Amino acid sequence: MLIVGAGPVGLSTALFSGRHGIRTMVLEKRDGTSLLPRAPGLQARTLELFRAAGIHADIRALEMGDSHPYFEGGIIQVDTFAGIDDAVVLESPSLDGPTVSPERVMGCGQDRYEKVLRQKAAEFGSDVRFGTRLIEFTQDEDGVTAVAEENATGRRFTIRADYLVGADGANSSVRRHLGVEREGRGTVFNALSIYFKAPELETVLKGRKFILCYANVNGTLMGLSRLHGCDPYLAAPIYYPERGEKPEDFTDERCVEIVRTAAGKADLAVEVVDKVPWQGAQLVAERFRTQRVFLAGDAAHLHPPAGGFGANTGIHDAHNLAWKLAAVLKGWAGDPLLDTYHDERHAVGSAMAAQAMVRNRIRHGHATDADRAEMVDDIIITLGYRYTSTSISSEGTGPVLTPELELTGEPGTRAPHVWLERGGETLSTIDLFWDSYVLLTDEAGSPWAEAATRAAERLGVPLRVHRVGPQSELRPQDRDWAQAYGLTAGGAVLVRPDAFVSWRAAGPAADADADGVLLDALGRSAGLAREAAVTG
């Protein structure tokens with residue numbers, strides 16, 4: 001598999017694919033991983049994916065102290081940072097919780113976690129090539145042929161791959177080559193990221209914890225983040241091209257003055273480390289799959305950073321796509337499964353973009369009552385989104401985002417988290433899902449368990465059966481697992497490798513019905529025709 005782009009999304013695609021035993025090559029035109037602490041907030045769901053990939057400890061080791069209190073501080077606004085005592089709370093998002101996820105949100109800059117993703121992707125066999133750009137590609141029924149060029153030498157070489165993933169950002173050359181159009185509001189604002197050092201600023205802020213603090217002095221809005229730590233800080237003032245302003249106008253001296261003005265301290269010692277102009281935009285590609293080429297991350301959906309959904313949503317794209325491509329390449333899933341990548345992630349990407357726009361209007365003071373009514377809590381956006389596709393049983397239909405968090409075992413939603421004990425080890429139900437389908441049932445669920453095993457053997461689909469209950473191998477520790485999954489005695493639930501529920505039977509099965517039901521449910525979920533299963 002060929003991946004274009006070695007940011008968080010491209011490297012995650014390589015990591016997740018390698019974890020499934022799929023060889024990848026990654027092309028990146030930059031000379032190395034990011035040097036700046038961008039995308040500093042990692043969601044609980046993102047940490048769940050890294051947990052499943054076996055790199056949880058490596059990522060957690062990057063955390064500088066306990067970053068969780070910063071998330072609990074919410075989004076606040078001040079006139080100047082010196083007036084932190086009079087801060088107004090704009091948002092107090094719910095982001096995680098012990099009954100929702102085994103993981104907690106974490107602050108960490110992209111400059112640190114990209115290095116781990118690169119190292120671990122390489123350990124899983126990925127050939128990551130920096131300083132190398134994609135020149136062109138063509139595709140046919142059997143694969144993709146691409147031409148790449150080394151920046152330093154100009155040497156060109158040809159790559160033949162089964163599939164290509166374009167994870168090459170907002171200005172994706174892969175998307176442009178495909179001719180895929182985008183829909184949305186386009187650019188909604190222009191900003192400049194100023195990375196700076198100011199040791200005295202922490203004293204000005206009086207230790208106040210927050211995700212973002214907006215200073216609105218002299219009518220100029222500037223956001224401040226220190227989720228990744230304070231060295232450097234990140235400030236992002238807005239500028240207006242329609243007024244003749246441009247990035248080149250922001251000299252180091254002007255940036256120092258902007259920070260001092262926002263801080264409310266005219267003699268604040270400020271050292272500018274770097275400046276990066278960028279645009280807040282809302283654009284979603286009309287399709288995420290074009291035959292053997294897929295789009296992920298900002299190449300597929302672009303939205304303002306309000307909410308911190310960008311890199312996280314892209315990493316979730318990578319995970320959704322990686323297990324499906326691996327399943328098809330290994331021969332146990334059908335090509336229709338790959339169509340569900342667009343069906344599932346396009347809907348989610350569009351919803352994320354809409355929610356980011358709502359938050360952007362709120363933070364910039366342009367929100368209407370309708371905007372506020374449209375906004376849903378962050379935990380629903382990050383953990384509670386719902387998939388609708390042919391890989392999910394017909395019971396799993398409904399809106400992508402619901403007004404309240406509904407992780408109740410319904411098909412199309414992420415499987416509920418329940419703490420379990422197995423042989424003296426504590427684990428989450430989420431830890432059971434990675435490289436195969438899983439059927440969960442209790443001591444009374446034998447017809448479902450046996451039928452699932454027979455269906456998996458007949459279809460050639462990897463599947464594990466786990467019994468959960470007081471007398472079973474997996475013993476619930478914190479709550480009634482069956483109730484959490486919407487089951488009664490003898491019920492069962494089928495969960496995909498990405499921890500999303502594919503099918504559910506609330507109660508026991510008649511022996512005569514179980515085989516046909518599970519054969520159909522598993523076959524459809526894996527993109528296999530029922531007729532092939534019956535004759536195979």
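Because only heavy atoms are used, hydrogens play no part in the values below, and waters and symmetry mates are left out as well, while side chains stay in. Treat the numbers as computed from the prediction; the structure is a model and nothing was measured.
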Under the ring-ring contact (aromatic ring centres under 6.0 Å, His included) test, residues paired with Y233 that sit two or more places apart: F196

Quick check: are there more than 12 heavy atoms from other residues, nucleotides or ligands sitting under 6.0 Å from CZ of R182? yes

Quick one: do the R345 and Y387 side chains pair a donor with an acceptor below 3.5 Å? yes

Sorted by chain and residue number, the side-chain hydrogen bond (donor to acceptor under 3.5 Å, both in side chains) partners of T187 (sequence neighbours excluded) come out as Q279

Does either side chain, that of H56 or that of E103, offer a donor lying less than 3.5 Å from an acceptor on the other one? yes

ring-ring contact (aromatic ring centres under 6.0 Å, His included) contacts in which one or both residues fall within residues 343-362, not counting sequence neighbours: F288-H346, H342-H346

Using the rule side-chain contact (heavy atoms from CB on, under 4.5 Å), only one of L212, L90, V88, I84 pairs with I76; which is it? I84

Taking the side chain as every heavy atom from C-beta outward, state whether T408 and T413 have any pair of such atoms under 4.5 Å apart. no

Does T429 use its side chain to pair, donor to acceptor, with the backbone of P416 at less than 3.5 Å? yes

Keeping R208 on the side-chain end and A87 on the backbone end, is there a donor-acceptor pair under 3.5 Å? no

Qualifying residues under ring-ring contact (aromatic ring centres under 6.0 Å, His included), relative to Y239, sequence neighbours excluded: F250

Which heavy atom of L295 sits nearest to which heavy atom of R287, and what is that distance? CD1-O, 3.7 Å

Main chain of I362, side chain of D371: is a donor-acceptor contact present, judged purely on distance under 3.5 Å? no

Taking S126's backbone N and O only, do any of them form a donor-acceptor pair with T24's side chain (distance below 3.5 Å, no angle check)? no

Check this for me: E404, atom CD, are more than 12 non-hydrogen atoms of other residues, nucleotides or ligands nearer than 6.0 Å? no

If you count heavy atoms of other groups shown closer than 6.0 angstrom to CG of D369, is the number above 12? no

Should D66 and R104 be marked as a salt bridge (charged side-chain N to carboxylate O under 4.0 Å, His left out) after you check the CA-CA gap, both sets of side-chain angles, and the distance that decides it? CA-CA 11 Å; D66 183 4; R104 300 197 314 169; 3.0 Å; yes

Within a reach of under 6.0 Å around NZ of K29, are more than 12 heavy atoms found that belong to other residues, nucleotides or ligands? no

Any side-chain donor-acceptor pair under 3.5 Å between S428 and D431? no

Other residues, nucleotides and ligands only: do more than 12 of their heavy atoms fall within 6.0 Å of CZ on R60? yes

For H20, what residues pass the ring-ring contact (aromatic ring centres under 6.0 Å, His included) criterion, not counting sequence neighbours? W434

Listing request: all ring-ring contact (aromatic ring centres under 6.0 Å, His included) pairs with a residue in residues 71-98, at least two apart in sequence or in separate chains. none

Which pairs, with at least one residue in residues 255-267 and sequence neighbours excluded, count as a side-chain hydrogen bond (donor to acceptor under 3.5 Å, both in side chains)? K265-D267

Whether the side chain of N312 engages the backbone of G41 through a donor-acceptor N/O pair (distance < 3.5 Å, no angle test) should be reported. yes

Mind checking side-chain hydrogen bond (donor to acceptor under 3.5 Å, both in side chains) for N171 and listing every partner two or more places apart, or none if nothing turns up? none

Would you say D111 and H228 are linked by a side-chain donor-acceptor pair, where the criterion is simply a distance under 3.5 Å? no

Are any of the side-chain heavy atoms of I59 and C108 separated by less than 4.5 Å? no

For the residue pair E48 and H319, establish whether any side-chain heavy-atom pair is separated by less than 4.5 Å. no

Exercise: do D96 and S101 side chains pair donor with acceptor under 3.5 Å: no

Within the 4.5 Å heavy-atom criterion, are N190 and Y240 side-chain neighbours or not? no

For F500 and G412, which heavy atoms make the closest approach, and how far apart are they? CD2-O, 3.4 Å

Under the 3.5 angstrom rule, does the side chain of R175 hit a backbone N or O of A170 as a donor-acceptor pair? yes

Looking at residues at least two apart in the chain, or sitting in another chain, which of them share a side-chain hydrogen bond (donor to acceptor under 3.5 Å, both in side chains) with D378? R359

With a 6.0 Å cut-off (strictly less than), is the heavy-atom count around CG of D343, excluding the residue itself, greater than 12? yes

What's the spacing between R45 CZ and H316 NE2 if we round to 0.5 Å? 6.5 Å

So, does S389 use its side chain to make a donor-acceptor pair with the main chain of T340 at under 3.5 Å? no

Side-chain contact test, heavy atoms from C-beta onward, threshold under 4.5 Å: evaluate it for V376 versus P403 and give yes or no. no

Do I379 and L95 touch side chain to side chain, with heavy atoms closer than 4.5 Å? no

Tell me whether E183 at atom CD has more than 12 heavy atoms from other residues, nucleotides or ligands lying less than 6.0 Å away. no

Using every non-hydrogen atom in the two residues, find where A322 and S17 come nearest and quote the distance to one decimal. CB-OG, 3.6 Å

Verdict with reasoning, E28 to R30, per salt bridge (charged side-chain N to carboxylate O under 4.0 Å, His left out): CA-CA 5 Å; E28 171 55 59; R30 297 174 302 162; 3.1 Å; yes

Could you list all the ring-ring contact (aromatic ring centres under 6.0 Å, His included) pairs where at least one residue sits in residues 253-281, not counting sequence neighbours? F189-W278

Can you list the residues that meet the side-chain hydrogen bond (donor to acceptor under 3.5 Å, both in side chains) rule with E150, with sequence neighbours excluded? T153, R155

What pairs with H177 under ring-ring contact (aromatic ring centres under 6.0 Å, His included), at least two apart in sequence or on another chain? F137

